[in-house]
Amino acid sequence: MKLIYFAKVREILGKSEEIIEVPSEIKTIQNLIDFLISHDPSYKAALEDKDFFVACDEELVDMDFIIKRKSEIAIFPPVTGG
Amino acid sequence: MIEIRIHPQSFDIDYEMKRIQESSSSGAMVSFLGSVRDIQSKNSLKNLEIEHYPKMAHKVLNETAKYAFEKWKLSRCLIIHRYGKLKINDPIVLIVTQSDHRKEAFKANEYIIDFLKINAPFWKKENTSKDSYWVSQKP
């Protein structure tokens, strides 16, 4: 699964993207976030305050969204365009 | 006609306005220009760094323009958004909406800038002489 990160989330994690293998029991975005946090403490620092959004194939999705394995999942802080 | 441009280089506002005005006989054209402002801090702003998620930014701007175009029956809609390192007073975003009547052009323009401020995947980081910090969302 391809994960990409932007802005503050990218800086805290120290990487802009990665390909990860996730166990088959990971079904939703919430499962994925919990998996990442348990996997490595840097994810806890980036994601524990819940002040982030998740987009799946360029569409914003909720935490209960069912992940498609071939998707590109982006995690980023609230946007500040304009 | 909808035109979306996302790039680091600057743009010429007069040229864009004239080009659109001359290309159509619609009677009303509204523009919004957002620029880099100085920050209220002891440390002066060195630059403003804008990061974006290219594929999603194009998609969101395009869908937003399309919605406004149909809802307010526009004849032209242009959105330019820059990224990269910008200085104080540099233009960041230009939105031009054109329609037969002013109300539609105003409403569409306001809708687009309000929508993109909270939905388009761009992030601003202020780099001052002493430190750097990410700007928080202001709808």
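Naming convention: chains lettered A, B, ... in sequence-line order (proteins, then strands); numbering from 1 in each chain. No hydrogens, no waters, no symmetry mates; every other heavy atom, side chains included, goes into these values.
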Asker: Once you round to the nearest 0.5 Å, how far does CZ of A:F6 lie from CZ of B:F122?
Answerer: 11.0 Å
Asker: Of the backbone (N, CA, C, O) and the side chain (C-beta and beyond), which part of B:K125 lies under 4.5 Å from a heavy atom of chain A, both, or neither?
Answerer: side chain
Asker: A:D57 versus chain B, heavy atoms under 4.5 Å apart: side chain, backbone, both or neither?
Answerer: backbone
Asker: Do B:Y83 and B:L48 share a hydrophobic cluster (ILVMFWY, side-chain heavy atoms under 4.5 Å, transitive)?
Answerer: yes
Asker: Identify the two heavy atoms, one from A:E58 and one from B:M56, that lie closest to each other, and give their separation to 0.1 Å.
Answerer: O-CG, 3.5 Å
Asker: Might you point out which heavy atoms bring B:N119 and A:V79 nearest each other, and give the distance in Å?
Answerer: N-CG2, 3.6 Å
Asker: Between A:A7 and chain B, with a heavy-atom cut-off of 4.5 Å, which part of the residue counts as in contact: side chain, backbone, both or neither?
Answerer: both
Asker: For B:H58, is it the side chain, the backbone, both or neither that has a heavy atom under 4.5 Å from a heavy atom of chain A?
Answerer: neither
Asker: Going by the rule side-chain contact (heavy atoms from CB on, under 4.5 Å), which residues pair with A:K8 if we only count those two or more places apart in sequence or in a different chain?
Answerer: A:I12, A:P77, B:W134
Asker: Any chain of hydrophobic side-chain contacts (each under 4.5 Å) joining A:I75 to A:M63?
Answerer: yes
Asker: When clusters are formed by joining ILVMFWY residues with side-chain heavy atoms under 4.5 Å apart, either directly or through shared neighbours, do A:Y5 and B:Y53 land in the same one?
Answerer: no
Asker: Check each atom of B:K124 against the heavy atoms of chain A and say whether the ones under 4.5 Å are side chain, backbone, both or neither.
Answerer: both
Asker: When you group the ILVMFWY residues by side-chain heavy-atom contacts below 4.5 Å and let the links chain together, are B:I80 and B:F32 in the same group?
Answerer: no
Asker: Would you find a donor on one side and an acceptor on the other, under 3.5 Å apart, between the side chain of B:H81 and the backbone of A:G81?
Answerer: no
Asker: For the hydrophobic clusters of this structure (ILVMFWY residues joined by side-chain heavy atoms under 4.5 Å, transitively), does one cluster hold both B:M29 and B:I13?
Answerer: yes
Asker: Roughly how far, to the nearest 0.5 Å, is CH2 of B:W123 from CZ of A:R10?
Answerer: 9.5 Å
